[in-house]
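As the structure is a prediction and not an experimental result, all values here were calculated from the model. The chain is numbered in sequence order, starting from 1.
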Amino acid sequence: MSLRAAGFLIFRQISNQIEYLLLQTSYGGHHWTPPKGHVDAGETCEETALRETREEAGLSAEHLSIDYGFKRTLNYNVGNKSKVVVYWLAELKDPKTPILLSDEHQDFKWLLVDQACHYAEYPDQQQVIKEADEYLKARLNIV
């Protein structure tokens, strides 16, 4: 059975720039990732994404405009187990809303697409960010 996780790729728009939120873990290799986490028993992926975003970044549903039309699923192995992670896009309604990190993370950054891909490190995560950026630029009519 696969491990399941879900989260949001959160963005904010400042002028004609799109910035993506990445959190740096306080464990392991201190990698950078959007807020996400394991699906608890009886929880939907959407509920998990909301819970994890609230726990890890201090952002609740009221802070976000969620775009369920953009959904990406990553499949990879962690140790000897397969893992499935589902991401949706979510816009931070007020770009000045503070990020409140949990003890699972030690830092956060708002990054342009190229910077976000550099920090994300993993090719599949980079691909999600690039696809989200293309989707948003087309939807928001940004060149």
Side-chain angles (χ1 to χ4, degrees), residues 2-40 43-143:
S2 297
L3 299 171
R4 291 179 39 221
F8 292 118
L9 177 57
I10 299 172
F11 72 96
R12 67 182 183 181
Q13 189 175 355
I14 303 206
S15 299
N16 261 359
Q17 303 248 7
I18 299 169
E19 296 178 333
Y20 299 93
L21 176 65
L22 293 182
L23 311 178
Q24 185 182 33
T25 61
S26 56
Y27 57 85
H30 305 295
H31 64 280
W32 293 82
T33 181
K36 71 171 185 334
H38 295 290
V39 177
D40 288 342
E43 216 176 29
T44 67
C45 286
E46 293 91 340
E47 290 168 336
T48 298
L50 285 166
R51 176 180 53 76
E52 290 289 341
T53 299
R54 185 177 60 253
E55 290 174 4
E56 295 183 355
L59 301 174
S60 64
E62 294 78 38
H63 296 111
L64 304 171
S65 177
I66 301 166
D67 184 346
Y68 288 110
F70 182 92
K71 176 182 176 183
R72 296 296 183 271
T73 303
L74 303 181
N75 297 283
Y76 54 92
N77 290 323
V78 176
N80 293 335
K81 292 194 173 201
S82 64
K83 184 170 184 177
V84 176
V85 182
V86 178
Y87 286 106
W88 292 274
L89 266 176
E91 182 173 13
L92 188 62
K93 291 178 183 176
D94 178 355
K96 295 178 183 169
T97 302
I99 303 302
L100 306 171
L101 294 177
S102 72
D103 60 359
E104 292 181 50
H105 296 90
Q106 62 185 17
D107 199 5
F108 73 90
K109 291 185 184 293
W110 286 103
L111 301 162
L112 300 174
V113 63
D114 291 340
Q115 298 168 315
C117 287
H118 171 76
Y119 277 85
E121 294 180 47
Y122 299 106
D124 54 355
Q125 185 69 69
Q126 293 169 350
Q127 187 62 34
V128 169
I129 295 168
K130 289 175 187 174
E131 289 175 11
D133 199 63
E134 291 172 12
Y135 173 86
L136 287 171
K137 286 179 177 171
R139 192 186 94 196
L140 301 171
N141 201 24
I142 296 175
V143 179

* Please round to the nearest 0.5 Å and tell me the distance separating atom CD of E55 and atom CG of L101. => 13.5 Å

* Asked: Nearest heavy-atom pair of Q126 and A120: which atoms, and what distance?
  -> CG-CB, 4.2 Å

* Determine whether Y135 and D67 make a side-chain contact, defined as any pair of heavy atoms from C-beta on separated by less than 4.5 Å. => yes

* Straight-line distance of W32 CH2 to Q125 CD, nearest 0.5 Å -> 13.5 Å

* Structure fact -> Correct closest heavy-atom pair for K83 and A5 would be CE-CB, 3.9 Å

* Considering only NZ, NE, NH1 and NH2 on the basic side and carboxylate oxygens on the acidic side, decide whether R51 and E47 come within less than 4.0 Å. => no

* Structure fact -> Note: S82 and N77 closest approach over all heavy atoms is CA-OD1, 3.4 Å

* Asked: Which heavy atom of L136 sits nearest a heavy atom of F11, and at what distance?
  -> CD2-CZ, 3.5 Å

* **Euclidean distance, L64 CG relative to R54 CZ, rounded to 0.5 Å** => 11.0 Å

* Taking atom CD of E131 and atom CD of E134, what is their separation to the nearest 0.5 Å? -> 7.0 Å

* Main-chain N/O of D103 paired to S26 side chain as donor or acceptor, under 3.5 Å -> yes

* Asked: For the residue pair W88 and Y68, does the interplanar ring angle fall in the parallel (under 30°), tilted (30 to 60°) or perpendicular (over 60°) class?
  -> perpendicular

* Strictly by modelled atom types, are Q24 and Y119 linked by a side-chain donor-acceptor pair under 3.5 Å? -> no

* Can you name the nearest heavy-atom pair linking D124 to Y76, along with the distance? -> OD2-CD2, 3.6 Å

* **Any pair counted as side-chain hydrogen bond (donor to acceptor under 3.5 Å, both in side chains), so long as it reaches residues 5-18, sequence neighbours left out** => R12-E19

* How many angstroms lie between CG in D133 and OH in Y20, if you round to the nearest 0.5 Å? -> 3.5 Å

* Let me see the working for L92 and L21 under side chain to side chain contact (heavy atoms under 4.5 Å, CB included), right down to the final yes or no. => CA-CA 10 Å; L92 188 62; L21 176 65; over 6 Å; no

* **K71 and V86: CA distance, side-chain angles, deciding distance, side chain to side chain contact (heavy atoms under 4.5 Å, CB included) verdict** => CA-CA 7 Å; K71 176 182 176 183; V86 178; 3.6 Å; yes

* Structure fact -> Heavy-atom nearest pair, C45 first then A6, reads O-CB, 3.3 Å

* Asked: Checking H30 side chain against T25 main chain: does a donor-acceptor pair fall under 3.5 Å?
  -> yes

* To the nearest 0.5 Å, how far apart are CG in L74 and NZ in K36? -> 9.0 Å

* **Side-chain donor/acceptor of E91 to backbone N/O of I66, under 3.5 Å** => no

* Using the side-chain contact (heavy atoms from CB on, under 4.5 Å) rule, pick out the option among I99, I18, L22 that qualifies with W110. => I99

* To do: Could you label the plane-to-plane angle of the Y122 and H31 rings as parallel, tilted or perpendicular, counting under 30° as parallel and over 60° as perpendicular?
  => perpendicular

* Asked: Hey, is the main chain of S102 close enough, under 3.5 Å, to the side chain of H105 for a donor-acceptor pair?
  -> no

* Is it the case that T48 and E43 place a side-chain donor and acceptor less than 3.5 Å from each other? -> yes

* Considering only heavy atoms from C-beta outward, does the side chain of P35 approach that of L23 to under 4.5 Å? -> yes

* To do: Answer yes or no: are there more than 12 heavy-atom neighbours, outside N141 itself, under 6.0 Å from its atom CG?
  => no

